[in-house]
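In what follows, a single structure is set out as structure tokens and then discussed.
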Amino acid sequence: MKYVLVTGGVVSGLGKGVTASSIGVLLKACGLRVTSIKIDPYLNTDAGTMSPFEHGEVFVLDDGGEVDLDLGNYERFLDIKLTRDNNITTGKIYQSVIDKERRGDYLGKTVQVVPHITDEIQEWIERVAMNPVDGTEEPADVCVIELGGTIGDIESMPFIEALGQFSYRVGPGNFCLVHVSLVPVLNVVGEQKTKPTQHSVRGLRGLGLIPDILACRSTQPLEEHVKVKLAQFCHVPIPNIINLHDVTNIWHIPLLLRDQKAHEAILKVLDLQCVGKIPREPKLAEWTDRASKCDKCQTPVRIAMVGKYTGLSDSYLSVLKALLHASVALNRKLVVDWVPSCDLEDSTAEETPDAYEKAWKSLKGADGVLVPGGFGDRGVQGKILAAKYARENNVPYLGICLGMQIAVIEFARSIMKLNGANSTEFDPSTKTPCVIFMPEGSKTHMGATMRLGSRRTYFQVNKCKSAKLYGNASYVDERHRHRYEVNPDMVPEFEKAGLSFVGRDESGRRMEIIELPTHRFFVGAQFHPEFKSRPGKPSPLFLGLIAAASGQLDHLLQRPCGVFSPTGRCICFPNANGPQRLKVQNGRVIKQLKGLVNGPYPATGNGAIPI
């Protein structure tokens with residue numbers, strides 16, 4: 001096993017996660033299997049109980065792990081499926097060591113940070129790195145490890161020490177350290193300054209880690225004399241100094257790395273001939289086409305994102321990425337109008353009328369409305385008003401998790417005239433509980449007590465829009481994160497009034513997907529489809545929203561169940577043996593390409609037909 005460690009210096013927020021993901025893409029394009037690990041030095045066991053304002057969104061994995069958003073980057077870029085163990089936190093490490101101490105595993109020794117904590121970190125990395133993540137039974141060739149935070153943080157010191165020991169443990173040729181740093185430009189001087197990176201590298205060396213490659217973030221490409229200076233003072237060869245300057249979209253980052261021969265530098269440090277395969281030149285034609293296509297999209301599609309965490313875009317990172325994937329696939333330039341749900345409420349009209357007017361102007365000017373997941377009662381009334389506006393004005397609407405529950409409450413109040421209809425989350429004493437607490441949930445413990453991870457949804461109506469978007473599948477597996485659900489006892493009343501519950505769980509008692517059949521596109525999902533969206537395989541429900549918002553839904557629903565690649569040369573198409581890659585020419589399938597792909601649609605039994 002080979003290891004690539006990505007660290008960060010100078011300031012946080014430099015894009016270590018995107019850099020680590022892009023390195024993975026580059027190595028995968030060279031023909032290597034790649035897995036990823038994210039180290040978060042905070043004491044929380046996982047990200048599940050943290051506010052999005054604290055650390056961005058909580059990303060959910062198939063196994064129910066609530067993890068850092070960077071694991072979402074890894075899954076999207078590398079098209080792999082990770083587990084909760086791929087996210088290491090200080091809380092997990094200390095909990096594991098304390099559990100061992102209580103069992104007597106340390107034979108009465110004094111348990112200390114060194115060696116017990118540091119050994120636990122190293123053993124965890126070695127164990128998880130061997131887990132297959134690409135749908136095969138084969139372990140990866142390379143594990144990309146991202147160390148969260150910034151070099152010099154007190155909380156990351158045990159991990160720094162452990163990783164220093166680890167580099168010697170695995171030996172030369174098996175460990176490559178990529179240090180991401182900042183080369184700023186002072187407006188007064190107008191030149192790129194290397195001193196912050198010099199100090200960062202000096203601090204890293206003082207902690208026992210020696211960088212093999214420098215990844216320098218900057219607004220503009222690095223000047224050649226700046227690279228010479230960095231090489232001289234940081235003791236890193238010029239070919240190993242990679243510039244990651246600002247680009248129009250993040251899909252250019254793997255291409256930047258390739259163009260600067262980053263793969264050659266990494267392969268040389270890792271002596272990758274030892275893994276039994278000769279790495280090839282990276283094949284990134286699809287990435288190149290996708291990045292170019294994204295830049296060329298001109299026709300805008302405006303989506304109003306109505307939520308309570310709109311002040312921090314990372315709070316809805318996966319939703320934004322899913323919208324982007326769908327928009328690019330449909331040749332549209334995504335424009336997101338952030339609408340704080342509180343600002344839509346009547347109380348805001350009295351207190352801050354300008355914010356109220358701005359929020360409603362954004363909502364009414366949008367081509368589609370999206371209400372994402374969330375918790376708590378703040379801004380709920382504004383979300384209900386957004387759902388009502390979309391329903392009454394035939395504006396495409398997608399409600400995710402809470403967004404679906406909101407749509408159900410609004411329907412009960414407006415159409416069924418149940419004025420007191422509510423969720424027991426917001427009004428525990430409501431006499432018309434449309435949404436209730438799930439029986440298996442816990443009201444005393446918050447962490448990892450929700451309905452989490454991949455669950456199966458069975459379509460009840462074959463010809464509904466959702467089923468068609470999923471390729472006329474009979475079921476779909478999507479990821480969940482919720483404590484509340486639609487009250488199954490009220491479902492017959494809702495259906496009688498015209499609300500269709502087109503997707504349910506295996507018991508038939510838990511509602512998963514709602515639709516309004518008479519509406520252009522009014523869909524709610526209890527699950528989170530954004531977590532499985534990929535750049536080349538957009539989430540079907542997000543495709544539906546963007547298609548409806550851009551006037552392409554009828555065409556999309558009439559097309560055979562498949563999604564074109566960004567090149568337009570092949571299509572991901574489900575058949576009896578699973579998704580296949582089919583070559584397309586002049587609108588017709590002419591050849592089946594080698595190898596299955598993990599398409600967004602489950603097998604349906606349909607064979608290949610002309611497109």
(request) Classify the side-chain pair His480/Arg455 by whether it contains a donor and acceptor separated by less than 3.5 Å. (result) no

(message) With a 4.5 Å cut-off on side-chain heavy atoms, are Val142 and Tyr3 touching?
(response) no

(request) State, without any angle test, whether Glu146 and Tyr74 hold a side-chain donor-acceptor pair at a distance under 3.5 Å. (result) yes

(message) When you measure from the centre of the six-membered ring of Tyr475, is the NZ or CZ of Arg456 closer than 6.0 Å and no more than 45° off the axis?
(response) yes

Just distance, no hydrogens or angles: give the donor-acceptor pairs under 3.5 Å from side chains in residues 328-335, sequence neighbours left out.
none

(request) Name all residues meeting the side-chain contact (heavy atoms from CB on, under 4.5 Å) criterion together with Ser292; count only those two or more places apart in sequence or in a different chain, and write none if there are none. (result) Lys296

(request) For side chain to side chain donor-acceptor pair (under 3.5 Å), just list the numbers for Glu138 and Thr136, CA-CA rounded to whole Å, side-chain angles, deciding distance to a tenth of an Å, and then say yes or no. (result) CA-CA 5 Å; Glu138 298 293 324; Thr136 70; over 6 Å; no

(message) My understanding is that only one of Ile400, Val306, Val336 makes a side chain to side chain contact (heavy atoms under 4.5 Å, CB included) with Leu370; could you say which?
(response) Ile400

(message) With heavy-atom distances below 4.5 Å as the criterion, would you say the side chains of Leu182 and Ser218 are in contact?
(response) no

(message) Would you say that Leu452 contacts Asp63 through its side chain, given a criterion of any heavy-atom pair below 4.5 Å between the two side chains?
(response) no

(message) Can you classify the ring geometry of Trp360 versus Tyr389 as parallel (below 30°), tilted (30 to 60°) or perpendicular (above 60°)?
(response) perpendicular

(request) For Gln405 and Glu425, test the side chains for any donor-to-acceptor distance below 3.5 angstrom and give the result as yes or no. (result) no

(message) Is any side-chain heavy atom of Val25 closer than 4.5 Å to one of Ser21?
(response) no

(request) Would you mind telling me which of Lys321, Arg479, Lys38 makes a salt bridge (Lys or Arg N to Asp or Glu O under 4.0 Å) with Glu75? (result) Arg479

(request) Only one of Ile242, Leu14, Asn73, Val180 passes side chain to side chain contact (heavy atoms under 4.5 Å, CB included) with Thr19; say which it is. (result) Val180

(request) For residues Arg520 and Pro396, report the shortest heavy-atom separation together with the two atoms involved. (result) NH2-CD, 3.2 Å

(request) Decide yes or no for Phe521 and Leu545: does some side-chain heavy atom of the first lie under 4.5 Å from some side-chain heavy atom of the second? (result) yes

(request) Decide whether Thr219 and Asp246 meet the rule of one side-chain donor and one side-chain acceptor closer than 3.5 Å. (result) no

(request) Indicate whether the side chain of Tyr470 and that of Glu478 have a donor and an acceptor atom separated by less than 3.5 Å. (result) yes

(request) Answer yes if the side chains of Arg76 and Ser318 hold a donor-acceptor pair under 3.5 Å, and no otherwise. (result) yes

(message) Less than 4.0 angstrom from a charged side-chain N to a carboxylate O is my criterion; do Asp367 and Arg302 meet it?
(response) no

(request) Could you check if a side-chain atom of Val4 sits within less than 4.5 angstrom of a side-chain atom of Ile145, using non-hydrogen atoms only? (result) no

(message) I'd like to check Cys294 versus Leu324 (side-chain heavy atoms, cut-off strictly below 4.5 Å). Are they in contact?
(response) yes

(message) Quick check: closest heavy atoms across Arg258 and Pro282, and the distance to 0.1 Å?
(response) CG-CG, 3.7 Å

(message) For Lys92 versus Asn87, what's the shortest heavy-atom pair and its separation?
(response) NZ-O, 2.7 Å

(message) Can a side-chain donor-acceptor contact be found between Glu530 and Ser539 if the only test is distance below 3.5 angstrom?
(response) no

(message) Can you tell me how far apart NE2 (His528) and OG (Ser533) are? Round to the nearest 0.5 Å.
(response) 14.5 Å

(message) For Asp68 versus Phe59, what's the shortest heavy-atom pair and its separation?
(response) O-CB, 3.8 Å

(message) What I'd like to find out is whether the side chain of Val34 reaches to under 4.5 Å of the side chain of Val144, using heavy atoms alone.
(response) yes

(request) Look at Arg510 together with Glu485 and state whether they make a salt bridge at an N to O cut-off of under 4.0 Å. (result) yes

(message) I need the minimum non-hydrogen distance between Ala549 and Val301, along with the two atoms involved.
(response) CB-CG2, 3.7 Å

(request) Locate the shortest heavy-atom distance separating Tyr316 from Met305; write the atom from each residue and the value. (result) CB-CE, 4.3 Å

(message) Can you classify the ring geometry of Trp287 versus Phe77 as parallel (below 30°), tilted (30 to 60°) or perpendicular (above 60°)?
(response) tilted

(message) Under the ring-ring contact (aromatic ring centres under 6.0 Å, His included) definition, can you give me all pairs with a residue in residues 7-32, not counting sequence neighbours?
(response) none

(request) Can you spot which of Lys28, Lys537, Arg33, Lys532 makes a salt bridge (Lys or Arg N to Asp or Glu O under 4.0 Å) with Asp79? (result) Lys537

